[in-house]
Visitor: 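Before I ask anything, here is the structure I am working with.
Here, residue 1 is the first one in the sequence, and each next residue gets the next number.
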Amino acid sequence: MFIKYLQNRVLLIPFILIAILSNQIKVHSQSINTNEVLLNTKIDSIISILTIEEKIAMCHAQSKFSSAGVPRIGIPELWMSDGPHGIRPEMNWDNWNYANWTNDYVTAFPALTCLAATFNPDLSKEYGVSLGEEARYRKKDVLLGPGVNIYRTPLNGRNFEYLGEDPFLASEMVVPYIHGVQQNGVAACVKHYALNNQEQWRGHINVEVSDRALHEIYLPAFKAAIIEGQSWSIMGAYNKFRGEHCCHNQILLNDILKNKWAFDGVVISDWAGTHNTNQAIHNGLDIEMGTPSNKNISKRYPYNNNFLGLSFLEKINTGEVKEDILNDKVKRILRLMYRTTLNQDRPLGSINNKAHSNTAYKVATEGIVLLKNEDNLLPIDTHNNLNIAIIGENAKKSMTIGGGSSELKVAYEISPIEGLKKHFKNVNFKFSSGYSSNANEAENYRLNNEALSIAKESDIVFFIGGLNKNSSQDSEGSDRQQYNLPYDQDGLIESISEVNKNIAVILISGNAIRMPWLSDVKTVMQSWYLGSEAGNAIASIISGEVNPSGKLPFTFPKKLMDNGAHYYGELSYPGNGETQFYKEDILVGYRWHDTKKITPNFAFGYGLSYTSFDLSKINSDKKSYSSTDSIKISCEVKNTGTLKGSEVVQVYIGKKNSKVKRALKELKGFKKISVNEGKSKKIEIKIGVNKLAYYSEKKSEWNIEKGEYIIYVGNASDNITKELKITII
Ligand code: BGC
């Protein structure tokens with residue numbers, strides 16, 4: 001038996017080597033499905049000639065950001081890189097220091113909250129393509145992004161890396177992003193799967209959440225990324241779910257991802273997120289990354305100490321673990337390689353070109369959300385001779401540095417003040433930071449006074465503040481410690497409002513903040529972390545060169561306790577140090593505010609334009625539908641103002657008198673449309689009735705409840721123009 005096994009392997013060697021060397025094992029990323037059988041045969045053949053040691057080496061890191069290939073037969077290494085909105089600078093082989101290369105300057109694209117705020121899936125595709133091109137040029141095979149963890153609390157330090165609070169919006173935006181990245185022969189690695197909704201205690205906190213909230217809120221964007229986006233890899237999260245770390249979690253990785261969703265790609269651990277050899281072997285992990293190396297084990301192979309290193313080898317050698325388990329991991333890794341490094345047809349990529357800057361600019365301008373604009377303070381004509389005070393540290397601070405693993409080394413970054421000075425040639429700008437994130441009280445007192453004196457003499461004040469990617473201010477590894485703005489910016493804004501009424505607050509952040517000064521300022525603009533083109537984008541919106549069209553991808557509660565996760569106290573957020581319970585259940589974000597009738601400062605889906613729109617002729621194609629139908633909602637969008645602009649029509653659906661707990665309404669469709677001033681356009685939004693299903697905990701499957709539903713059509717979750725009744729029969 002054993003002899004026959006060996007013979008089979010030996011017979012295959014010439015075929016494999018000839019095929020590899022002559023590049024016959026060439027599978028174009030797009031045609032994977034049709035060539036799947038052939039590909040699997042080839043992969044099996046390769047596996048048959050690999051030694052156990054070679055296969056084990058492929059299942060864990062060989063450096064901080066790479067895993068081994070098979071040098072003996074020319075199978076290349078896999079190179080990975082952060083991150084979701086730009087390609088991270090090169091790091092040293094075996095530590096977290098930057099390698100100080102000079103060819104790793106990149107374009108910084110706006111962070112993902114901004115991308116979500118565009119409500120524009122086509123733009124998300126463009127974003128993915130550009131980012132993938134930069135990754136490819138930098139010789140990266142796996143891009144560690146996008147992040148799709150749901151925005152549960154405004155304190156989460158990493159919300160800026162994610163796509164907001166709504167699973168439908170996040171799903172619609174993540175799929176084209178992945179397609180765009182992967183068309184470059186670079187794998188997306190969607191992260192952090194799953195329930196990594198806070199940074200505090202992220203390495204060990206155990207999340208307890210109902211099956212409904214899991215499937216209806218926290219998993220859909222991952223599911224869309226895997227099933228529709230066809231993401232070739234996924235990253236496990238740091239935290240635990242139902243007692244097991246997510247990087248080797250039976251329910252998440254085996255039962256759901258690999259079995260239910262038939263994922264055929266690679267599960268990569270978050271860096272140092274692996275904790276146990278047996279679980280890593282059996283519970284779905286394929287490549288272990290980030291576990292610190294140990295040179296005492298072997299100078300040449302210091303990562304052999306990893307959980308999937310020598311201990312795994314020993315278990316195979318003693319027969320405790322079947323080789324099939326190892327082969328399945330290697331099969332997935334080789335499949336990923338055929339999609340990336342072994343795909344001879346993949347494009348070459350490009351970096352820092354005009355097209356990438358344009359994409360960054362477009363996303364930034366489309367994502368900025370105008371929240372308030374009393375007396376039409378904005379836009380400001382670039383020809384006006386005005387005195388404008390720019391106050392706030394964020395007017396000058398680089399926002400591509402800091403924040404953790406998504407930090408970048410940019411080819412260029414236009415700060416807000418640079419952008420404004422470039423656009424407004426006739427304006428006399430005066431600047432004071434007004435506060436400093438690292439000054440003492442006396443210095444801040446001086447800066448406050450300096451700011452007030454220039455505010456007093458100016459026609460308009462631009463307050464450019466917010467959070468700043470320092471630790472606890474929108475940064476990996478720590479949550480925010482307060483909902484208010486830091487460095488007493490609230491006090492400063494209030495003092496400014498006493499000397500000047502024309503204040504525009506330009507908020508740079510990836511999170512909602514408390515706004516005790518809201519009624520004292522005329523304008524509020526949510527400007528995110530906008531990347532290389534930040535200043536240009538901000539100036540284009542302020543000048544009206546671009547009409548704002550961004551919509552909030554998450555709610556801005558008035559106070560922290562108005563948020564569902566916080567309402568239930570410490571056990572819900574941040575937990576007791578060991579465990580936390582997602583007590584608000586399915587009522588996350590606007591679902592909570594709507595259902596509990598808690599008015600936020602600014603609602604999900606909300607955002608102003610310099611023009612106005614009228615939605616009319618809102619109808620559904622039928623009154624009753626079967627479970628396999630699609631509902632078609634038609635609507636006419638009229639631009640009733642004097643400027644061209646874009647509006648996002650949003651369709652929410654709810655069910656009254658349901659037999660299960662429901663949010664009042666949930667986003668099920670949206671369309672962004674550009675309309676010239678005075679003109680109208682008709683749109684249609686199609687929604688599969690299957691999208692109305694809830695996750696039945698009894699049956700452990702999706703279930704469509706029959707009966708009457710209400711369709712809410714509007715341009716924000718709190719601005720509904722029309723309600724329609726339909727019946728599912
Ligand atoms: C982060 C990941 C990141 C990885 C590699 C981890 O700390 O959670 O998002 O991709 O480091 O830098």
Side-chain angles (χ1 to χ4, degrees), residues 364-365 368-397 414-435 447-466 485 487-509 513 515-528 530 534-548 550 601-602 607-611 641-643:
T365 48
I368 289 175
V369 187
L370 185 63
L371 295 175
K372 178 177 180 184
N373 197 23
E374 223 172 85
D375 303 334
N376 296 329
L377 183 66
L378 302 187
I380 294 168
D381 190 332
T382 47
H383 299 102
N384 277 356
N385 292 307
L386 291 166
N387 290 315
I388 296 185
I390 299 183
I391 297 173
E393 198 180 64
N394 288 355
K396 289 191 170 173
K397 188 177 183 306
I414 314 279
S415 69
I417 198 163
E418 280 166 346
L420 288 165
K421 283 186 173 166
K422 214 165 80 182
H423 275 68
F424 292 87
K425 295 258 172 2
N426 297 338
V427 167
N428 172 27
F429 286 111
K430 280 200 179 138
F431 171 76
S432 165
S433 70
Y435 66 90
L447 289 171
N448 272 217
N449 285 337
E450 179 187 88
L452 290 180
S453 74
I454 67 164
K456 223 183 269 175
E457 299 158 4
S458 301
D459 302 306
I460 299 173
V461 177
F462 291 161
F463 182 88
I464 308 185
L485 282 175
Y487 322 120
D488 197 21
Q489 293 175 70
D490 292 337
L492 180 58
I493 298 173
E494 266 162 20
S495 312
I496 296 171
S497 73
E498 281 162 23
V499 299
N500 194 324
K501 292 287 164 220
N502 292 325
I503 309 174
V505 174
I506 293 141
L507 278 175
I508 315 278
S509 79
I513 50 141
M515 299 179 173
W517 34 258
L518 186 56
S519 57
D520 301 326
V521 304
K522 288 204 171 151
T523 295
V524 184
M525 220 172 104
Q526 178 57 37
S527 294
W528 317 114
L530 296 176
N536 286 336
I538 287 173
S540 294
I541 295 288
I542 289 182
S543 66
E545 191 185 316
V546 177
N547 194 351
N601 270 341
F602 298 107
L608 298 171
S609 163
Y610 295 146
T611 189
T642 55
L643 274 177

Visitor: Under a 3.5 Å distance rule, please check whether Glu393 uses its side chain to pair with a backbone N or O of Gly466 as donor and acceptor.
Guide: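 Side chain of Glu393 to backbone of Gly466, a donor-acceptor pair under 3.5 Å: no, none is there.
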
Visitor: Check whether any side-chain N or O of Ser458 sits under 3.5 Å from a backbone N or O of Val461 as a donor-acceptor pair, and report yes or no.
Guide: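 Not a single qualifying donor-acceptor pair exists.
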
Visitor: Can you name the residues that form a side-chain hydrogen bond (donor to acceptor under 3.5 Å, both in side chains) with Ser609, not counting sequence neighbours?
Guide: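 In terms of side-chain hydrogen bond (donor to acceptor under 3.5 Å, both in side chains), with neighbours along the sequence ignored, Ser609 is linked to Asn547.
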
Visitor: Under the rule for side chain to side chain contact (heavy atoms under 4.5 Å, CB included), what residues qualify as partners of Ala395, not counting sequence neighbours?
Guide: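 For Ala395 the side chain to side chain contact (heavy atoms under 4.5 Å, CB included) partners, ignoring immediate neighbours, are Ile390, Ile417, Phe431, Ile464.
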
Visitor: Using the test side chain to side chain contact (heavy atoms under 4.5 Å, CB included), find all partners of Thr382 that sit at least two apart in sequence or belong to another chain.
Guide: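 Partners of Thr382 under the side chain to side chain contact (heavy atoms under 4.5 Å, CB included) test: Phe424, Ser543.
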
Visitor: With sequence neighbours left out, what residues match Ser497 under side-chain hydrogen bond (donor to acceptor under 3.5 Å, both in side chains)?
Guide: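 Testing Ser497 for side-chain hydrogen bond (donor to acceptor under 3.5 Å, both in side chains), a comparison that skips the adjacent residues, returns none.
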
Visitor: Of all the heavy-atom pairs spanning Gly419 and Ala539, show the shortest one and how long it is.
Guide: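 Result for this residue pair: O-CB, 3.5 Å.
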
Visitor: What pairs with Asp381 under side chain to side chain contact (heavy atoms under 4.5 Å, CB included), at least two apart in sequence or on another chain?
Guide: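 If we apply the side chain to side chain contact (heavy atoms under 4.5 Å, CB included) test to Asp381, skipping adjacent residues, the hits are His383, Asn384.
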
Visitor: Using the side-chain hydrogen bond (donor to acceptor under 3.5 Å, both in side chains) rule, collect all pairs that involve residues 369-380, keeping only residues at least two apart or in two chains.
Guide: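 Matches after skipping sequence neighbours: Lys372-Glu374, Asn373-Thr523, Asp375-Lys522.
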
Visitor: Give the C-alpha distance, both sets of side-chain angles, the deciding distance and a yes or no for side chain to side chain contact (heavy atoms under 4.5 Å, CB included) between Leu485 and Leu507.
Guide: CA-CA 10 Å; Leu485 282 175; Leu507 278 175; 4.3 Å; yes

Visitor: Tell me, please, which residues at least two apart from Ser432 pass side chain to side chain contact (heavy atoms under 4.5 Å, CB included).
Guide: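 If we apply the side chain to side chain contact (heavy atoms under 4.5 Å, CB included) test to Ser432, skipping adjacent residues, the hits are Glu450, Ala451, Ile454.
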
Visitor: Quick one: are Leu370 and Ile541 in side-chain contact, heavy atoms under 4.5 Å?
Guide: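 No, side chains not in contact.
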
Visitor: With Asn394, which residues qualify under side-chain hydrogen bond (donor to acceptor under 3.5 Å, both in side chains), at least two apart?
Guide: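 Expected list: none.
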
Visitor: Between atom CG of Leu452 and atom CD1 of Ile391, what is the distance when rounded to the nearest 0.5 Å?
Guide: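 Result: 7.0 Å between the selected atoms.
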
Visitor: Are any of the side-chain heavy atoms of Val521 and Met515 separated by less than 4.5 Å?
Guide: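 Sidechains of Met515 and Val521: no contact.
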
Visitor: Would Ile503 and Trp517 satisfy side chain to side chain contact (heavy atoms under 4.5 Å, CB included), going step by step from the backbone distance to the final call?
Guide: CA-CA 11 Å; Ile503 309 174; Trp517 34 258; over 6 Å; no

Visitor: So how far is it from Ile496 CD1 to Gln489 CD, rounded to the nearest 0.5 Å?
Guide: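 Ile496 CD1 to Gln489 CD: 10.0 Å, rounded to 0.5 Å.
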
Visitor: Heavy-atom distance under 4.5 Å between the side chains of Phe462 and Ile380, does that happen here?
Guide: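 Yes, at least one pair of side-chain atoms sits under 4.5 Å.
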
Visitor: Just checking Lys501: does its NZ atom have more than 12 heavy atoms from other residues, nucleotides or ligands closer to it than 6.0 angstrom?
Guide: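 Above 12, so yes.
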
Visitor: With sequence neighbours left out, write down each residue that passes ring-ring contact (aromatic ring centres under 6.0 Å, His included) with Phe463, or none if nothing qualifies.
Guide: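 ring-ring contact (aromatic ring centres under 6.0 Å, His included) check on Phe463 returns nothing, list empty.
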
Visitor: If I compare all heavy atoms of Asn500 with all of Ala455, which pair ends up nearest, and what's the gap?
Guide: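 For Asn500 and Ala455, the tightest heavy-atom pair comes out as ND2-O, 2.9 Å.
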
Visitor: Over all heavy atoms of both residues, which pair between Ala537 and Leu530 is shortest? Give the atoms and the distance, please.
Guide: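 Residues Ala537 and Leu530, closest heavy atoms: CB-CD1, 4.4 Å.
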
Visitor: Do Ile493 and Asp520 come within less than 4.5 Å of each other through their side chains, counting heavy atoms only?
Guide: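 Result no, sub-4.5 Å side-chain heavy-atom pair not found.
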
Visitor: Any salt bridge (charged side-chain N to carboxylate O under 4.0 Å, His left out) pairs touching residues 451-464, not counting sequence neighbours?
Guide: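 Counting only pairs at least two positions apart or across chains, the salt bridge (charged side-chain N to carboxylate O under 4.0 Å, His left out) contacts touching residues 451-464 are Lys430-Glu457.
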
Visitor: According to ring-ring contact (aromatic ring centres under 6.0 Å, His included), who are the partners of Tyr435, at least two apart in sequence or on a separate chain?
Guide: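 Per chain and number, Tyr435 pairs via ring-ring contact (aromatic ring centres under 6.0 Å, His included) with Tyr487.
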
Visitor: Report the distance from atom NE2 of His423 to atom CG of Asn536, rounding to the nearest 0.5 Å.
Guide: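 Reported value, rounded in 0.5 Å steps: 5.5 Å.
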
Visitor: If you take all heavy atoms of Leu643 and Tyr610, which pair is closest and at what distance?
Guide: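 For Leu643 and Tyr610, the tightest heavy-atom pair comes out as CD1-CB, 3.5 Å.
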
Visitor: Using side-chain heavy atoms (C-beta onward) and a distance below 4.5 Å, is Ile538 in contact with Ile414?
Guide: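 Answer no - side chains too far apart.
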
Visitor: Using the rule given for side chain to side chain contact (heavy atoms under 4.5 Å, CB included), can you reason through Ile508 versus Lys397, listing the C-alpha separation, both sets of side-chain angles and the distance that settles it, and then say yes or no?
Guide: CA-CA 10 Å; Ile508 315 278; Lys397 188 177 183 306; over 6 Å; no

Visitor: Mind listing the closest non-hydrogen atom pair of Ile506 and Ser527 along with its distance?
Guide: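 Between these two residues, the closest heavy atoms are CG2-OG, 3.4 Å.
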
Visitor: Not counting sequence neighbours, list each pair that qualifies as a salt bridge (charged side-chain N to carboxylate O under 4.0 Å, His left out) and has a residue in residues 487-497.
Guide: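 As it turns out, there is no salt bridge (charged side-chain N to carboxylate O under 4.0 Å, His left out) pair with a partner in residues 487-497 once direct neighbours are skipped.
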
